[in-house]
Amino acid sequence: MPYRRGGFALTPPSLVIFLISVVLALIALLIRYAHLSVPIISSARVFDVLAIAYVVLVIGVLFRRI
């Protein structure tokens, strides 16, 4: 059930969107604190990956059926 406030409705994200954001956030945290080596993501780009995870989650909340 969407939560209405103002002109738009907030909906819970789908399970797929939620899992994508959680996986990206966990990868970023593991790179930063556990010094995990991921070839695609350098340690200088950890904040960018965490920000992308948050944006994916926000998109899942703001748009229906995503």
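Starting from 1, each residue takes its place in the sequence as its number.
Between Ile41 and Ile27, some side-chain heavy-atom pair lies under the 4.5 Å cut-off.
Rounded to the nearest 0.5 angstrom, Leu57 CG and Leu24 CG are separated by 11.0 Å. Between the CG atom of Leu26 and the CG atom of Leu19 there is a distance of 10.5 Å, given to the nearest 0.5 Å. For the atom pair Ile40 CD1 and Arg45 CZ, the distance stands at 14.5 Å (nearest 0.5 Å). Expressed to the nearest 0.5 Å, how far CD1 of Ile59 lies from OG of Ser21 amounts to 11.0 Å.
A side chain to side chain contact (heavy atoms under 4.5 Å, CB included) with Val61 is found for exactly one of Val56, Thr11, Leu10, namely Leu10.
Linking ILVMFWY side-chain heavy atoms closer than 4.5 Å, directly or via other members, places Val22 and Leu62 in two distinct hydrophobic clusters. Taken together through direct or relayed side-chain contacts under 4.5 Å among Ile, Leu, Val, Met, Phe, Trp and Tyr, Ile17 and Leu50 form parts of separate hydrophobic clusters. Note on Ile31: it does not cluster hydrophobically with Phe47, by side-chain heavy-atom contacts below 4.5 Å among ILVMFWY residues. No chain of hydrophobic side-chain contacts below 4.5 Å, direct or via other Ile, Leu, Val, Met, Phe, Trp or Tyr residues, connects Phe18 to Val55. By the rule that hydrophobic residues join a cluster once side-chain heavy atoms approach within less than 4.5 Å of another member, Val38 and Tyr33 end up as members of separate clusters.
The shortest heavy-atom contact between Ala25 and Ala53 is N-CB, 3.8 Å.
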